[in-house]
Amino acid sequence: MHPSADLCRTAYRQDVPSSRGAAVRVLLTGATGFIGSRLLEVLLSKGHTVTSIVRRPRDVPGHVVVGDVRTCDLRPHVDAADYVVHAASVTIGTPQDLWLGNVLAASRVAEASASSGTRLLYLSTTGVYGQSFGRFGDPASMQRRPSSPLSTARAAAEDKVLAAGGSVIRPHVVHGPGDRWVVPPLARFMLEEDAWLGGPEVAVAAITAQRLAHGIAALLTRPALPAALHAAERVPKPVADLVEPFFRSAGRSLPARVLTIDEAAARLGPQGVSRNALNMLGRSSSIDADAFWYDAASPAIQAGGPVEPSAEEDQL
């Protein structure tokens, strides 16, 4: 349900000391989410000025504005920014909920950004391709074929951003501390079944939320971006590395038995788990993410990625 207020109001300004680098003024949506919260931390640590739009008052560092991007007046806040990073999304609910939470929100952000001339970056997903495994090549040449209400809404949200001259980032598997939707459910299923999904050799196009945040922060200082970028590490991540901490915490060894995708679908389908979701972690994938890590105008920038994974990211 939309709030009745039509204004985004400043809730508070919490001063955060700048550490380094030329400051970019960023308007951020989704700052309390799994990825957005990491992005907020990284942007502030690099000395950027961040204004976060949140639907309810939260203890969020930096400048905070309370409002719903679908209904409130965004223009004053967009005008005050160098970049809008739209990292908010709705991933559960009815098809109408998904449409309003993704398409309407992106439309209003894109409209305000285009009118203001402020650069715009949207955090999307490889789900817009309608495939969840295999090779994800150059995003400029891949065709989107969304196959669910969510991926259809995310693709339509992309269209709003692209029509406004913005860019979209499409990560595949995002994991790390705070993940509740990707790796933990897989690990629980494997523990319950004492079996691999797909096999122990599966490796997927993946990136931690922290690494993704550092990569996005680096993009904001580039003079220009392609319309679409993939985001993942250059080398696929073995699923065994993702689930091993869960087995270790349970005092269990990694399984020897293997469940096929068909067998897993028969068990989990009645619970609403899609075959696409099973394929995402039960079949191998790789991705062309060179444009995310390398600036074509300055190839030396970001060579090898912005940061090394922290010890925290190895603990799930």
Side-chain angles (χ1 to χ4, degrees), residues 1-6 29-36 53-56 67-72 74 84-114 120-134 136 139 142-164 166-174 179-186 189 227-228 230-231 261 264-283 285:
M1 181 177 294
H2 297 178
S4 58
D6 60 0
T29 71
T32 59
F34 170 46
I35 298 171
I53 298 182
V54 298
R55 294 186 62 182
R56 288 173 288 275
D68 189 322
V69 297
R70 297 171 296 183
T71 58
C72 70
L74 298 172
V84 177
V85 180
H86 184 37
S89 64
V90 172
T91 59
I92 58 174
T94 66
Q96 182 181 26
D97 293 333
L98 299 175
W99 192 265
L100 293 174
N102 293 291
V103 186
L104 177 58
S107 177
R108 299 208 66 251
V109 171
E111 179 182 354
S113 299
L120 173 60
L121 190 61
Y122 173 50
L123 183 60
S124 185
T125 169
T126 56
V128 297
Y129 295 123
Q131 73 176 67
S132 54
F133 65 96
F136 297 86
M142 287 196 67
Q143 293 188 0
R144 298 176 306 166
R145 296 185 177 91
S147 58
S148 68
L150 175 57
S151 60
T152 297
R154 297 300 293 271
E158 284 192 357
D159 289 340
K160 302 296 184 181
V161 170
L162 295 170
S167 298
V168 300
I169 301 173
R170 298 171 185 148
H172 189 51
V173 173
V174 182
D179 169 28
R180 293 181 292 155
W181 306 275
V182 180
V183 177
L186 169 68
F189 175 70
H230 290 148
I261 299 297
R267 287 167 169 76
L268 297 178
Q271 301 175 33
V273 179
S274 70
R275 185 173 290 269
N276 264 353
L278 295 172
N279 281 329
M280 187 167 72
L281 289 168
R283 301 184 68 173
S285 57

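Side-chain atoms of Asn102 come within 3.5 Å of backbone atoms of Val90 as a donor-acceptor pair (strictly under, hydrogens ignored). Using a distance-only test at 3.5 Å, with no hydrogens or angles considered, no donor-acceptor pair links the side chain of Arg275 to the main chain of Gly269. Here the side chain of Asp179 pairs a donor or acceptor atom with the backbone of Trp181 at under 3.5 angstrom. Remark: the backbone N or O of Val69 is paired with a side-chain donor or acceptor of Arg108 at under 3.5 angstrom.
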What do the steps show when you test Met280 against Val182 for side chain to side chain contact (heavy atoms under 4.5 Å, CB included), and what is the final call? CA-CA 9 Å; Met280 187 167 72; Val182 180; 4.2 Å; yes
Could you go step by step and tell me if Leu74 and Ile53 meet the side chain to side chain contact (heavy atoms under 4.5 Å, CB included) rule? CA-CA 9 Å; Leu74 298 172; Ile53 298 182; 3.7 Å; yes
Which is it for Gln131 and Phe136 under the side chain to side chain contact (heavy atoms under 4.5 Å, CB included) test, yes or no, and what are the steps along the way? CA-CA 9 Å; Gln131 73 176 67; Phe136 297 86; 3.4 Å; yes
Under the criterion side chain to side chain contact (heavy atoms under 4.5 Å, CB included), I'd like the reasoning laid out for Trp99 against Asp97: C-alpha separation, chi angles, the key distance, then a yes or no. CA-CA 5 Å; Trp99 192 265; Asp97 293 333; over 6 Å; no
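By the 30° and 60° cut-offs, the orientation of the rings of Tyr129 relative to His230 is perpendicular. Aromatic ring pairs are classed by plane angle as parallel below 30°, tilted from 30° to 60° and perpendicular above 60°; the pair His86 and Tyr122 is parallel.
Atom CG in Leu100 sits 8.0 Å away from atom OG1 in Thr94 (nearest 0.5 Å). Rounded to the nearest 0.5 Å, atoms CE (Met142) and OG1 (Thr126) are 8.5 Å apart. Atoms CG and CG, from Leu278 and Leu268 in turn, are 6.0 Å apart once rounded to the nearest 0.5 Å. If you take CD1 on Ile169 and CD on Glu158, they are separated by 11.0 Å, rounding to the nearest 0.5 Å. Lys160 contributes atom NZ, which lies 9.5 Å from atom CD of Glu111 (distance to the nearest 0.5 angstrom).
Contact record, Pro171 with Ser124: CD-O, 3.3 Å, taken as the closest heavy-atom pair. Nearest heavy-atom pair, Thr91 versus Leu98, reported as atom, atom and distance to 0.1 Å: C-CD2, 3.7 Å. Residues Asn276 and Ser132 share a closest heavy-atom pair of O-OG, 2.9 Å. Of all heavy-atom pairs spanning Arg154 and Leu123, the tightest one is NH2-O, 2.7 Å. Across Pro270 and Ala265, no two heavy atoms sit closer than the pair CD-O, 4.1 Å. Of all non-hydrogen atoms in Ser285 and His172, the two that sit nearest each other are OG-CD2, 3.5 Å.
Taking 4.5 Å as the limit, every side-chain heavy atom of Ser151 sits out of range of all side-chain heavy atoms of Thr125.
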